[in-house]
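Report on the structure given below.
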There are 2 protein chains.
Amino acid sequence: MAELARTPRQIGSLVRRARKRRGWSQTQLGEKAGLRQETISLIETGNPATRLETILAVLAALDLEFRLAARSKGQPADIEALF
Amino acid sequence: MAELARTPRQIGSLVRRARKRRGWSQTQLGEKAGLRQETISLIETGNPATRLETILAVLAALDLEFRLAARSKGQPADIEALF
DNA sequence: TACAATTATAGGGCTTGACGCATATTTTCT
DNA sequence: AGAAAATATGCGTCAAGCCCTATAATTGTA
């Protein structure tokens, strides 16, 4: 129900999966998040220097959110449900 | 067990709580994360333009991690355990 | 209250994000 | 294959991060 997001690349690929699952193009997601298609592209490819506010805007547009938790060695949580 | 982190300010205050719970100064956290004390200060006060890689480094130093999940209207999860 | 530690600010410097605009490349579909 | 859509790149511009060095302001404590 929650997916591990430790690196920019992990976050990027999760964003891409979530976007595709919704059937949106990068341009469409960009419009919803107030960003350009190029910016979405960079995020999805794992740009490590993306601004915090920028990814938060993308997550909001996807109706997703970050949760802060202790690092777990256990199961990475399920993927199916959301992406 | 997981704390909601939707805005830079929420993230900043959670970082601060986690750091203090560990009894570390900003300088100490900075050393562990490979960052300067000033940078930690900015993050904790909610700087929205912090780089993604930077907050991820801070979380790792605190042995925390982000998890990506669907936005929940429900309970914000418990605070006690980690911070 | 005075001292020590911690945290917040400031300026110069290099790097880079995101914008705007254009285009190349890749993928998708008929 | 060919056309259309989607995605990745490139360039100039402005704003800002984080570094480094200092220093002010705040907090905690003897």
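All chains are named by letter (A, B, ...) in the order of the sequence lines, taking the proteins before the strands, and each is independently numbered beginning at 1.
- Distance from the side chain of A:Q37 is smallest to D:dA8 among D:dA8, D:dG17, C:dT7.
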* To do: May I have the step-by-step check of side-chain contact (heavy atoms from CB on, under 4.5 Å) for B:E44 and B:R19, ending in yes or no?
  => CA-CA 10 Å; B:E44 291 186 355; B:R19 172 178 61 80; 2.6 Å; yes

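- Of the listed nucleotides (D:dC18, D:dT7, C:dT16), C:dT16 has the atom at the smallest distance from the side chain of A:A49.
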* Check against side-chain contact (heavy atoms from CB on, under 4.5 Å), B:Q26 and B:R16 -> CA-CA 9 Å; B:Q26 292 181 342; B:R16 174 162 293 179; 3.5 Å; yes

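- Of the candidate nucleotides C:dA22, C:dT7, C:dA10, C:dA22 has the atom nearest to the side chain of A:E38.
- Using a 4.0 Å cut-off on heavy atoms, the residues of residues 24-32 of chain A that approach DNA chain D are A:S25, A:Q26, listed by number.
- A distance-only check finds no donor-acceptor pair linking the side chain of B:R51 to the backbone of A:L52 [under 3.5 Å].
- Both A:L59 and B:L14 are members of a single hydrophobic cluster when ILVMFWY side chains are connected at heavy-atom separations under 4.5 Å.
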* Asked: What do the steps show when you test B:L56 against A:R6 for side-chain contact (heavy atoms from CB on, under 4.5 Å), and what is the final call?
  -> CA-CA 7 Å; B:L56 292 177; A:R6 289 185 183 171; 5.9 Å; no

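- Residue A:I43 contributes atom CD1, which lies 11 Å from atom P of C:dG17 at whole-angstrom precision.
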* **B:T39 vs B:T50, side-chain contact (heavy atoms from CB on, under 4.5 Å): CA-CA, chis, key distance, verdict** => CA-CA 9 Å; B:T39 301; B:T50 304; 5.9 Å; no

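- A donor-acceptor pair under 3.5 Å links the side-chain atoms of A:T45 to the main chain of A:S41, judged by distance alone.
- Distance CD1 (B:I40) to C1' (C:dT9): 16 Å, rounded to an integer number of Å.
- In this structure, B:R19 does not reach the C:dT6 phosphate: none of its side-chain N or O atoms is under 4.0 Å from OP1 or OP2.
- With C:dT7, C:dT16, C:dA18 as the choices, the nucleotide that has an atom nearest any side-chain atom of A:L35 turns out to be C:dA18.
- Look at CG on B:N47: it is 13 Å from C1' on C:dG17, rounded to the nearest Å.
- Atom CZ of A:R16 is separated from atom C1' of C:dT26 by 12 Å (rounded to the nearest Å).
- Over its length, the helix from C:dT1-D:dA30 to C:dT30-D:dA1 turns its helix axis by 60°, as judged from the five terminal pairs at each end, rounded to 10°.
- Checking the phosphate oxygens (OP1, OP2) of C:dT7, no side-chain nitrogen or oxygen of B:R36 falls inside 4.0 Å.
- Side-chain N/O atoms of B:R67 and A:S72 include a donor and acceptor closer than 3.5 Å.
- Spacing between atom CG of B:L52 and atom C1' of D:dG17 amounts to 13 Å, rounded to whole angstrom units.
- Counting heavy-atom neighbours within 6.0 Å of B:R9 CZ, excluding the residue itself, gives a total of 12 or less.
- Taking side-chain N and O atoms only, B:T54 has a distance below 4.0 Å to OP1 or OP2 of D:dC18.
- Put simply, CG on B:L42 is 12 Å from C1' on C:dA10, counting in whole angstrom units.
- The distance between atom CD of B:E53 and atom P of D:dG17, rounded to the nearest whole Å, is 13 Å.
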